[in-house]
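Below is one structure, written out as structure tokens, with a few remarks after it.
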Protein chains: 2
Amino acid sequence: MFPSFAVTVDVVILTISDGDLCVLLVRRGGDPYRDHWALPGGFKLPDETLDQAAKRELLEETGVKAPKHLDQLKAYGDPGRDPRSNVVTVAYLAVVPELGGIRAGGDADRAQLFPVRQAIQRRFELAFDHRDILRDALQRVERDLESSHLATAFVGQTFTLSELRAVYERVWDTELDAANFRRSLLASDASFVESTGTTAAPGPEGGRPPEMFRATDSWKNYGSPVKRSRRRDPRDRR
Amino acid sequence: MFPSFAVTVDVVILTISDGDLCVLLVRRGGDPYRDHWALPGGFKLPDETLDQAAKRELLEETGVKAPKHLDQLKAYGDPGRDPRSNVVTVAYLAVVPELGGIRAGGDADRAQLFPVRQAIQRRFELAFDHRDILRDALQRVERDLESSHLATAFVGQTFTLSELRAVYERVWDTELDAANFRRSLLASDASFVESTGTTAAPGPEGGRPPEMFRATDSWKNYGSPVKRSRRRDPRDRR
DNA sequence: GCAAAAGTGTTGGTGTTACACCCATGG
DNA sequence: CCATGGGTGTAACACCAACACTTTTGC
């Protein structure tokens, strides 16, 4: 009676790896787009929510359990975006601190991290309209970093301020003043981190032992105290 | 072979009417939820994009042509959200300056504006999960007002700064300083308004004739120069 | 071994900018 | 009466400098 569609969910999994913002892609083992890199995803079942479907596919195809942040991104339904039939996909954005035990599963015969900005460029072809989805996901994470505590989803349970600052710097592809970063995060009543009182071991290059922090749950939707520089210098835009 | 779904689009149409932020709702003429107020919407066709479907339903059910702002909001696909079958809906947010010639059409036997915040309260029952959608739409427009030129979509081709300021004030339910508002909008190189050089007639209460402005297309994704107050006084939060 | 250098994290200071708040003037 | 323009104090922050604590290097 009504036009019939298949509904899929695709997940953009972002993490910081090797000093770069990366996305997890899987290589498709079946048609269409066999052997192309694609976002992990699959068909929604009638008796699960979209969120549940995203979590399930995430686990089945990549082994990633319980991401620290999973949010709906956008729906994509252009006619012909899937050569098989009428398919509407709902894209999700997942942010994880580190990928412990990536493994390929389901329709994917390989899973691998790629630097996001390289994947968006024409380095290689992505399946379906996944390049568009990836572009939207990057914009989204750039924006949400400024208006929420999303940055803490990129790091572990405890972390140093340098690690957290690196998240902002790598996502925004910019540099932040360490002194102001610390002050902004600690002085504000809208802060979302607190000191654990302990210090970590210095990095391989030495240096003063950094203080360890953890995320607090007292964040009240006040936005992030860390703001992108208002200096609109065209030179620092890539 | 794959689980089959119907895909619908629902449109949250917002406007400023009578000094209040309002949403256009239609009264359903058919089952399910007959005689309930609902968001205008309907089924997506296989050979149209989601955006096209939203525009088409908007026109068919309410007579609203070419909204100044139409953006995808979110997809909703909880099992059982539609008693008929498996239905995934993609919600859209439309912002229009004024509703010229609202008329009911299609499945709707009446169309009417309601103050958004009243409609979200338990004043009357909305069909399906449309109350959730409306809540999300309000949050979205509050946020986007701060990070884009969305405010200009609420006003006509030309407008006074007071009209534009009223948009911010009614959406955020707050008050803005008229002097700072003018300076922020005009001084910034990220501005999205320019003077037409003409003045309008004063309002019914008299006053100095205001300058008329128009929106420029030179806006470059720099966010809105108008910011919500950082004063986190708990008293002004409703 | 030991001192100096270099690397990293933390604290302090200063000039500039944005803006909340108030007042004056114009139509 | 409302729109516009100006003025002032405060808070945020970009930029710079100093200091603390570590590892590495040179002798």
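Just so we're on the same page: letters track the sequence lines, and every chain starts at 1. On a predicted model such as this, the values are computed, not experimentally measured, just so you know.
Side-chain atoms of B:Thr216 and B:Glu194 form no donor-acceptor pair, as typed in the model, at a separation below 3.5 Å. A donor atom on one side chain and an acceptor atom on the other are found under 3.5 Å apart for B:Thr198 and B:Thr196.
A salt bridge links B:Arg117 with B:Glu142; the closest basic N to acidic carboxylate O contact falls under 4.0 Å. A salt bridge is absent between A:Glu61 and A:Arg110: the closest approach of a Lys/Arg side-chain nitrogen to an acidic carboxylate oxygen does not fall below 4.0 angstrom.
Residues B:Gln72 and B:Arg140 come closest through the heavy atom pair O-NH2, 2.7 Å.
Residue A:Ala179 is in base contact, counting any heavy-atom pair closer than 4.0 Å across all strands shown. Within the 4.0 angstrom heavy-atom criterion, only backbone atoms of the sugar-phosphate kind lie near A:Pro202; the bases stay farther away. When heavy atoms are screened at a 4.0 angstrom cut-off, A:Ser162 is found touching the sugar-phosphate backbone but no base atom.
Between A:Arg165 atom CZ and D:dA14 atom P there is a gap of 13 Å when expressed in whole angstrom units. Atom CZ in A:Arg228 sits about 15 Å away from atom P in D:dC13, given to the nearest Å. Regarding B:Glu163, its CD atom lies at a distance of 15 Å from the P atom of D:dC2, rounded to whole Å. Rounded to whole Å, atom P of D:dC15 lies 11 Å from atom CD of A:Glu175. Residue B:Leu185 contributes atom CG, which lies 16 Å from atom C1' of D:dG5 at whole-angstrom precision. A straight line from CZ of B:Phe181 to P of C:dA18 spans 17 Å, rounded to a whole angstrom. Regarding A:Leu186, its CG atom lies at a distance of 14 Å from the P atom of D:dA12, rounded to whole Å. Residue A:Phe159 contributes atom CZ, which lies 14 Å from atom P of C:dG9 at whole-angstrom precision.
For the pair A:Ser224 and A:Glu146, the minimum side-chain heavy-atom distance is 4.5 Å or more.
Remark on DNA chain C: of its neighbouring residues A:Glu211 and B:Asp177, the 5'-side contact belongs to A:Glu211, judged by nearest-heavy-atom nucleotide. Judged by closest nucleotide on DNA chain D, A:Asn180 is the one of A:Asn180 and A:Gly203 placed further toward the 5' end.
Considering only side-chain atoms of A:Ala178, the nucleotide from D:dT4, D:dC2, C:dT10 that sits closest is C:dT10.
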Anything under 3.5 Å between a protein N or O and an N or O of nucleotides 25-27 of chain C, put it in a table, one pair a line.
residue	atom	partner	partner atom	Å
C:dG26	N2	B:Arg208	N	3.4
C:dG27	N2	B:Arg208	N	2.7

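Side-chain N/O atoms of B:Arg183 and base N/O atoms of D:dG7 include a donor-acceptor pair closer than 3.5 Å.
For the OP1/OP2 pair of C:dT11 and a distance below 4.0 Å, the side-chain nitrogens and oxygens of A:Arg182 include at least one atom meeting the criterion.
Aromatic ring centroids of A:Phe181 and A:Tyr168 lie under 6.0 Å apart.
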